[in-house]
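Structure, as structure tokens:
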Amino acid sequence: MAEYNFSDVEQKWQAYWKENKTFKTKEVSDKPKYYVLDMFPYPSGAGLHVGHPLGYIATDIVARYKRLKGFNVLHPMGFDSFGLPAEQYAIKTGQHPAVTTDANIKRFKEQLNILGFSYDWDKELRTSDPSYYKWTQWIFLKLFNSYFDLTEKKARPISELPIPEGLSKEEKRAFIDDHRLAYQDEIAVNWCPALGTVLANEEVIGGVSERGGFPVIRKPMKQWMMRITSYCDRLLDELEDVDWPESIRLSQKNWIGKSLGAEIAFKTVDGVNEVRVFSTRPDTIFGATYVVLSPEHPLVDAITTPDQKEAIDIYKEEASKKSDLERQELDKSKTGVFTGGHVINPMTGQQVPAWISDYVLISYGTGAIMAVPAHDERDFEFATKFGLPIKQVVSADGREISELTEALSGHGLIINSGDRYNGLDSKEFIKIAIEQMEADGTGKGAVNYKLRDWVFTRQRYWGEPIPVIHTEDGEVKGIPESELPLVLPEVESYLPAEDGSSPLARNEEWVKTTDPDTGRPAMRETNTMPQWAGSCWYYLRYLQPDNEMALGDPESIKYWSPVDLYVGGAEHAVLHLLYARFWHKVLFDLGYVSHREPFQKLVNQGMIQGRSNFVYRIKDTNTFVSFGLKDKYEVTPIHVDVNLVDKDVLDVDAFKNSSHEYKTATFELEDGKYVCGAEVEKMSKSKLNVVSPDDIITKYGADTLRMYEMFLGPLEQNKPWNTNGIDGVFKFIRKFWRLFHDGETFAVSDEKPSAEEMKILHKAIKKTQDDIERLSLNTSVSGFMITVNELSSLKCNKRAVLEPLTILISPFAPHLAEELWSRLDHDESISEATMPTYDEQFLKEDAFEYPVMINGKLRTKMTFGADVPANEIQVAVLTSEIVLKWTEGKAPKKVIIVPKKIVNIVV
RNA sequence: GCGGAUGUGGCGAAAUUGGUAGACGCACUAGACUUAGGAUCUAGCGCCGCGAGGCAUGGGGGUUCGAGUCCCUCCAUCCGCACCA
């Protein structure tokens, strides 16, 4: 019997799609639009493993489904092709990153294409193409030439910035530069010596770089910054408008870290300076028995008394040497030094000592705190260690605890805060205390954010050059738009310089330029943009990747925005998604895009982990024992290449041939087989658990791989890859094929389907559509299997059933569906077909035996169906609703009817 | 520490609004057709029990005629954030 030849069929249809541009997006259409987007990949040298396509398969199914449902679908793919690995490879080998990147992209595209994705490759983009980064630079200039209007809470062109009267030329320029959304600042940045570059806060995790895990230190440097903090409130509030997973919304909220409280001034005793602190608990101000400044705080020297100067200087020196990693070590006990100076608590009027400590961060709030040891854990620890006074001012029951053993961080009744305030509810006192301090001029209500402005420069080669020049007299100017793109120049070496300047600085010829306004010599900016820049707006460029005149056509942007479905990994929860939203909002303010948020619905596909296999070697021998026997010996587990293992059974010969070391190995088998152990780990080369989609496709075909990846479990869930179950899907594909065949010949009958067959079909239509709509793609695959099992046992080969079923399955197994579709005498691609609709009349329940409960106790069974059964109680079934008729006796007190399920009667 | 997610057979999992828990698939067992099968088909497959029946969705408690699903509480695993004032 001729079996389904997936390999020929898949090649045939992939060639057909490519040749006919089957999936070319229609720009103009009266159909409703649907924009379904994948997070585009960084084209790494390793190629795709079986985990990468998970999200792409899901979006491809949705894209194909929406086409069949009559939507005009945009489903593009591109490459985030600026990035560190290509540059590091370049440093090692001298190979230009563009060459490496091109080769990697070629490989990626091949791998994507054999999966049968319906991308419109005419829309492809690469962030490292000058034609693309021309517009990344253009957006940079827009940010450079805009300011944030605080009253309207939106970006406006810098030309509209109101400038105070009477400023000198230099002051005026400084004033403008101070308001730009992209601006330069000398700040303490996260400098990573190993990578030779500055990193954004978001790229530093626990004191080490996100990429590579190298130590990061703080170093003051002049950097380009993005004024993302202006957008804190909008980035927070407008999260409510999008359909995103709660966990991502929370991550973004936490990252922005908005807290409400008060900013309070503690004047120095001499009245010259004031230490401003931020507190979320101004109600505890009567308990503020000292203040702590961060070692980097600008007032430290002014407050320090001469006899404490030496100790303070030593402490400051030590703190500056510490990396963030060391400062963040949690279990270390608190350190600090008394400045010798005192400040005045504005509410009590008492003098309190001022200390410095590195547990107070210069980068958060005002860089100084009022310490309330009775009600803050950290302050309590500090006060206890240094013998500072602890004063309880909030109490749960209004009484004071004589000997506090821990900080009481909850709310309660105010005590020890003067007759005016004692007895108040502490939450209420927050408002009252702020009002009082505002009246006294000693404090005010304040909002504080954790989010800092975005450090936008990298001292790297492989990124977008920043399109500005520095003039002789120190002015910074954007280059004219007509000069874009500012193409990345060639350099001799890709290594960053030790002083922190970018590799671009090496090309002196390129750096030297002239100021177009004055004709005087000027220097180009040599830093480049961070990798996030290109991915901040790529979803807009897909609409018109070839548009040389504009970022995109406004009509097109209006038609396609927002992205209806965006699928990608949760690792971009804060970085990419926050930056992209920020840029989008600026573009929205300036009138270039039509919607406030770029991505309407976001789904995070889970990670596919590796499933490693192990063999067990008896210590000091070359004998391996099977999994079930290993406990009898002292064994060492050794990773074995999962590609030599099938259903946990080792291919012993292949294993022997895999390495010289194993040539002479001997094996202790169980039931004639060598069984391997298994464990879930990250998929990686070193663990020998990488499964390539290419290998799976060679063995089972792309349709099987697509369906199996969906079948594996819910899309959002992390799950280990396990090839063991793939046979089931493979069998299903062949079984489906066989429905259309009688032996070797294609045989589909035009006979009218039976009621039972119609029911199977319509059930399948309903289930598949419901499942895709809620992205439960695993259950829709199961649903297909049930359907085919049912039809198969009926030996149903009727066109009226099989044809709609082919359409239904085509988003999942497009190659198989196309082949069958053409054999069913259709000339056009199945993607031109229309999704069948279901008819309720075929979905009616059959006669069914229902349990009937009376008073929750009696249990009998009745059959409800077309015939009304006779009992003491007469029951009829109409469609799926059950109607009870009472012929004798009293009507029951309570009748609970659950359609299709149980009749529950309380008499 | 704070926040989020998850917990169902030997395994991956289903159960969409509370309504016959374990669909579907893997593995396994038995059988059929076969020279053979890693092909195909049929049947079985949560646990205890010969059986009728009983017990089962991480543990305990609650609401309900009815709970995997809702509420309280505890436990475990994974993932974020973390001296954020």
Side-chain angles (χ1 to χ4, degrees), chain A residues 1 3 205-206 245-251 253-255 257-259 261 277-281 284 292 294 327-332 334 357-361 363-372 375-379 381-382 448-451 570-571 573-574 606-607 609 646-649 678 680 708 711-714 716-720 722-732 734-735 738 767 770-771 773-774 776 778-789 792-793 848-851 853-858 861 894-906:
Chain A
M1 175 176 175
E3 280 295 349
I205 313 249
E246 196 49 38
S247 61
I248 300 287
R249 290 222 294 241
L250 248 134
S251 293
K253 281 182 197 168
N254 289 342
W255 198 265
K258 182 178 186 171
S259 30
V277 303
F278 174 78
S279 173
T280 54
R281 294 292 302 271
T284 61
V292 186
S294 140
R327 277 178 74 153
Q328 279 174 11
E329 267 169 27
L330 279 185
D331 21 327
K332 72 160 195 197
K334 300 227 175 329
S357 172
D358 66 3
Y359 85 88
V360 176
L361 309 173
S363 56
Y364 183 76
T366 58
I369 60 155
M370 64 176 206
V372 185
H375 303 289
D376 182 283
E377 244 175 82
R378 296 151 299 176
D379 298 343
E381 187 194 331
F382 193 82
N448 194 52
Y449 300 94
K450 219 163 87 182
L451 186 67
E571 67 272 19
V574 279
M607 228 181 7
Q609 296 136 313
D646 185 26
K647 295 192 177 119
D648 289 341
V649 176
V680 174
Y708 185 58
F711 183 71
L712 228 40
E716 291 93 335
Q717 191 176 298
N718 288 347
K719 54 217 163 218
N722 186 348
T723 311
N724 289 357
I726 201 167
D727 280 347
V729 176
F730 192 50
K731 277 184 205 163
F732 157 80
R734 284 181 299 184
K735 223 167 175 180
R738 244 179 275 129
K767 178 164 171 52
D770 288 353
D771 285 345
E773 294 287 351
R774 66 192 171 102
S776 177
N778 54 330
T779 56
S780 37
V781 176
S782 301
F784 287 135
M785 291 183 176
I786 298 168
T787 306
V788 169
N789 284 348
S792 195
S793 65
F848 194 86
E849 197 179 37
Y850 292 90
M853 302 182 73
I854 300 175
N855 281 344
K857 277 177 189 170
L858 264 175
K861 286 191 175 180
K894 193 169 164 192
V895 181
I896 298 163
I897 303 158
V898 179
K900 297 189 286 185
K901 298 294 178 186
I902 293 174
V903 182
N904 199 332
I905 300 161
V906 182

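So you know, we letter chains A, B, ... as the sequences are listed, proteins then strands, and number each from 1.
- Picking from B:C83, B:C24, B:C41 the nucleotide with the shortest atom distance to the side chain of A:K334 gives B:C83.
- We find that CD of A:E571 is positioned 17 Å from C1' of B:C81, with the value rounded to whole Å.
- Among the nucleotides B:C83, B:G25, B:C26, the one closest to any side-chain atom of A:M785 is B:G25.
- Note on A:S259: only backbone sugar-phosphate atoms sit closer than 4.0 angstrom, heavy atoms only; bases stay farther off.
- B:U69 and B:G18 are spaced 11 Å apart, taking the P atom of each and rounding to whole Å.
- Under a 3.5 Å cut-off, the side chain of A:N718 and the backbone N or O of A:G606 do not form any donor-acceptor pair.
- At the heavy-atom level, A:P714 lies under 4.0 Å from the strands shown only through sugar-phosphate atoms.
- At whole-Å resolution of the value, CH2 in A:W255 and C1' in B:A82 are 10 Å apart.
- Considering only side-chain atoms of A:R774, the nucleotide from B:A85, B:A39, B:A15 that sits closest is B:A15.
- Using atom P as the reference point in both B:G9 and B:G4, the two lie 26 Å apart (nearest Å).
- Distance A:K258 NZ to B:C81 P: 23 Å, rounded to the nearest Å.
- Distance CZ (A:R249) to P (B:C79): 24 Å, rounded to an integer number of Å.
- A donor-acceptor contact shorter than 3.5 Å links the side chain of A:D379 to the backbone of A:V372.
- Contacts of A:N254 with the nucleic acid, taken as non-hydrogen atoms under 4.0 Å apart, are absent.
- Taking the P atom of each, B:A21 and B:U40 are spaced 34 Å apart, rounded to whole Å.
- Glycosidic torsion of B:G54 falls outside 90° of 0, placing the base in anti.
- The separation of B:C50 from B:C33, taken at their C1' atoms, amounts to 35 Å, rounded to a whole angstrom.
- Relative to the side chain of A:S251, the nucleotides B:G80, B:A14, B:C83 differ in distance, and B:G80 lies closest.
- Between A:F784 and A:F732, the two ring planes are parallel [angle under 30°; tilted spans 30° to 60°].
- Side-chain proximity of A:T779 to B:A85, B:C26, B:A14: nearest is B:A14.
- Between the side chain of A:K735 and the backbone N or O of A:M785 there is no donor-acceptor pair closer than 3.5 Å.
- Side-chain proximity of A:K450 to B:C24, B:C81, B:A85: nearest is B:C81.
- When each of A:T280 and A:D771 is assigned the nucleotide of RNA chain B bearing its nearest heavy atom, the one mapping closer to the 5' terminus is A:D771.
- Listed nucleotides: B:A85, B:U16, B:C83. Nearest to the side chain of A:Y364: B:A85.
- Rounded to a whole Å, the CG atom of A:N724 is 8 Å from the C1' atom of B:A27.
- Contact record, A:Y449 with A:Y364: O-CE1, 4.1 Å, taken as the closest heavy-atom pair.
- In this entry the distance linking CZ of A:F732 with P of B:G12 reads 23 Å, nearest Å.
- Pairing of B:C26, defined by two Watson-Crick or G-U wobble distances under 3.5 Å, is identified with B:G10.
- To the nearest whole angstrom, the two C1' atoms, one in B:C79 and one in B:C48, are 39 Å apart.
- Between B:C78 and A:Q717, no contact under 4.0 Å exists linking OP1 or OP2 to a side-chain N or O.
- Look at B:G46: its Watson-Crick or wobble partner, with both distances under 3.5 angstrom, is B:C55.
- B:U29 and B:G61 have their C1' atoms separated by 41 Å, given to the nearest Å.
- Between A:N789 and B:A23 there is no side-chain N or O to OP1 or OP2 distance below 4.0 Å.
- B:C24 and B:G44: their P atoms are spaced 11 Å apart (whole Å).
- Backbone-only contact: A:K735 has heavy atoms under 4.0 Å from sugar-phosphate atoms and none from a base.
- Checking B:G3 for Watson-Crick or G-U wobble geometry (two distances, each under 3.5 Å) identifies B:C79 as its partner.
- Look at A:R734 and you'll find a side-chain N or O under 4.0 angstrom from OP1 or OP2 of B:U40.
- No engagement by A:N718 is indicated, since no non-hydrogen atom pair under 4.0 Å with the nucleic acid exists.
- Considering all non-hydrogen atoms of both residues, A:V574 and A:W255 come closest at CG1-CB, 3.7 Å.
- The residue among A:F711 and A:V729 whose nearest nucleotide of RNA chain B lies closer to the 5′ end is A:F711.
- Rounding to whole angstrom units, CZ of residue A:F784 and P of B:A13 are separated by 21 Å.
- As judged by a 4.0 angstrom heavy-atom cut-off over every strand, A:N778 is placed among residues touching the sugar-phosphate backbone only.
- When the P atom is used for both B:A27 and B:C41, the distance is 13 Å, rounded to whole Å.
- Across B:U40, B:A27, B:A85, the shortest atom-to-atom separation from the side chain of A:L361 is found for B:A85.
- Interatomic distance, A:K767 NZ to A:I786 CD1, rounded to the nearest 0.5 Å: 6.5 Å.
- No contact: A:E246 has no heavy atom under 4.0 Å from any strand.
- Atom pair A:K731:NZ and B:G37:C1' shows a separation of 13 Å (rounding to whole Å applied).
- Each of A:D727, A:I726, A:N722 was evaluated against A:N724; a single residue qualifies, A:N722, per the side-chain contact (heavy atoms from CB on, under 4.5 Å) test.
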